[in-house]
Amino acid sequence: MKVSVDSNLCYGSGECVYRVPSVFTVADGFGAVIPGREYTGDDPDVREAAELCPSQAVKLTD
């Protein structure tokens with residue numbers, strides 16, 4: 001599964017970075033996926049970060 005952050009929805013809470021700093025980072029004040037870590041959506045921690053994102057900006061796709 002591929003993980004991404006929808007920059008139109010993200011308001012920069014940093015919840016994803018706090019939960020999985022090995023996958024997420026902050027870019028220009030908003031959450032982003034670290035380059036090369038896009039295909040980590042099967043990781044349970046990444047799934048939890050997507051579920052708990054307050055703006056529902058973290059997306060998992062096949």
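Note that the structure is a prediction, hence the values are computed from the model and not measured.
- Checking side-chain atoms of R19 against main-chain N and O of V46 turns up no donor-acceptor pair under 3.5 Å.
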**Request:** Determine, step by step, whether K2 and D62 satisfy the salt bridge (charged side-chain N to carboxylate O under 4.0 Å, His left out) criterion, reporting the C-alpha distance in whole Å, the side-chain angles of both residues, the deciding distance to 0.1 Å, and the verdict.
**Result:** CA-CA 6 Å; K2 184 175 181 181; D62 290 326; over 6 Å; no

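- At least one side-chain heavy atom of F24 sits less than 4.5 Å from a side-chain heavy atom of V5.
- The OG1 atom of T25 lies 14.0 Å from the CZ atom of F30; values are rounded to the nearest 0.5 Å.
- Between R37 and V23, the shortest heavy-atom contact is NH2-CG2, 3.7 Å.
- The two atoms that bring P54 and S13 nearest to each other are CG-OG, 3.4 Å, heavy atoms only.
- The minimum heavy-atom distance linking A49 with V20 is given by the pair CB-CG2, 4.2 Å.
- For V33 against V3, the heavy-atom pair with the smallest separation is CG2-O, 3.7 Å.
- Using a 4.5 Å cut-off between side-chain heavy atoms of Ile, Leu, Val, Met, Phe, Trp and Tyr, with links allowed through other members, M1 and I34 fall into different hydrophobic clusters.
- Proximity of L9 to K59: side-chain heavy atoms (C-beta onward) are separated by under 4.5 Å at one or more points.
- In this structure a side-chain-to-backbone donor-acceptor pair under 3.5 Å is present from Q56 to C53.
- Of all the heavy atoms in Y11 and S55, the pair that sits closest is CE2-CB, 3.3 Å.
- Note that CG of L52 and CZ of R47 are 13.5 Å apart. Values are rounded to the nearest 0.5 Å.
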